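A quick write-up on the structure given underneath.
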Amino acid sequence: MKIAVANDHAGFEFKNKLKQFLQSKGHSVEDFGSPSAEPSDYPDYAVPAVKSVIEGKNDRAILICATGLGMCMVANRFPGIRAALVYNEKTAATTRRHHDSNVLCLGAREFSENDLLKFTDIWLATAFDGGRHLRRINKIAALDRQKPF
Ligand code: RB5
């Protein structure tokens, strides 16, 4: 899979671990994140990563900040993006099965690196269930087309 990653200062350290992990699993990684732990603004990094998914240059994106929240807010402003903040193994699987999420948001200061890698592994390995869930995400897509409300 082609995966975009992005981070702010809070996500910098974990981003490096994540890149190694993804590459060890055979994924290619495009890094749009901050290159240091100096204070930075998460929207600056989320936007190009998410755009690369919309443009089809990457299959999915993984965004990391302290909480995952700001990254998720930015990502979900873009049509076609279904970004999910996950907080345990169950939500990592469920957001793939039910929402076909294409962006994973991680809170680097909320979980251990092992837990974050586990969430990532599950999220990458879990397929979309389709069926009634497709009907529901089609309704999300209809909201994109409806803008402005
Ligand atoms: C930075 O302190 C923090 O606000 C940011 O990393 C992120 O968690 C925002 O949601």
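Atoms within each ligand, like the ligands themselves, are counted from 1 in listed order. On a predicted model such as this, the values are computed, not experimentally measured, just so you know. Below, each value reflects all heavy atoms present in this structure, side chains not excepted, and no hydrogens, waters or symmetry copies.
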Determine whether the side chains of Thr94 and His98 contain a donor N or O and an acceptor N or O closer than 3.5 Å.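 No - no donor-acceptor pair under 3.5 Å links their side chains.
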
Is the closest side-chain donor-acceptor distance between Thr95 and Trp123 under 3.5 Å?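 No pair is found: no donor N or O on one side chain lies under 3.5 Å from an acceptor on the other.
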
Which residue owns the protein heavy atom closest to atom 3 (C) of ligand 1, what's the atom, and how far is it?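 Checked against all protein heavy atoms, atom 3 (C) of ligand 1 sits closest to Ala66 CB, 4.0 Å.
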
Looking only at protein heavy atoms, which one is nearest to atom 9 (C) of ligand 1, and how far off is it?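 Checking every protein heavy atom, the shortest distance to atom 9 (C) of ligand 1 gives Tyr42 CE2, 3.5 Å.
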
Could you measure the distance from the CG atom of Asn7 to the NZ atom of Lys19? Nearest 0.5 Å is fine.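 That separation rounds to 8.5 Å.
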
Side chain, backbone, both or neither: which part of His9 comes within less than 4.0 Å of ligand 1 when only heavy atoms are counted?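 His9 to ligand 1: side-chain contact only, backbone stays beyond 4.0 Å.
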
Is Val29 linked to Leu106 within one hydrophobic cluster, defined over Ile, Leu, Val, Met, Phe, Trp and Tyr using a side-chain heavy-atom separation of less than 4.5 Å?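 Yes; tracing contacts between hydrophobic side chains, which count when under 4.5 Å, links both residues.
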
Which of the atoms in ligand 1, numbered in the order shown and given with their element, are less than 4.0 Å from a heavy-atom of Asp8?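 What qualifies from ligand 1 is 5 (C), 6 (O).
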
Could you tell me which atoms of ligand 1, counted from 1 in the order shown, lie closer than 4.0 angstrom to a heavy atom of Thr67?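 Contacts of ligand 1 toward Thr67, numbered from 1: 7 (C), 8 (O), 9 (C), 10 (O).
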
For atom 7 (C) of ligand 1, state which one of Ser40, Gly70, Cys65, Cys72 supplies the nearest heavy atom.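 Shortest heavy-atom distance from atom 7 (C) of ligand 1: Cys65.
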
Applying side chain to side chain contact (heavy atoms under 4.5 Å, CB included) between Leu104 and each of Leu124, Leu63, Val86, Ile122, report the one that passes.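 Single side chain to side chain contact (heavy atoms under 4.5 Å, CB included) partner of Leu104 among Leu124, Leu63, Val86, Ile122: Val86.
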
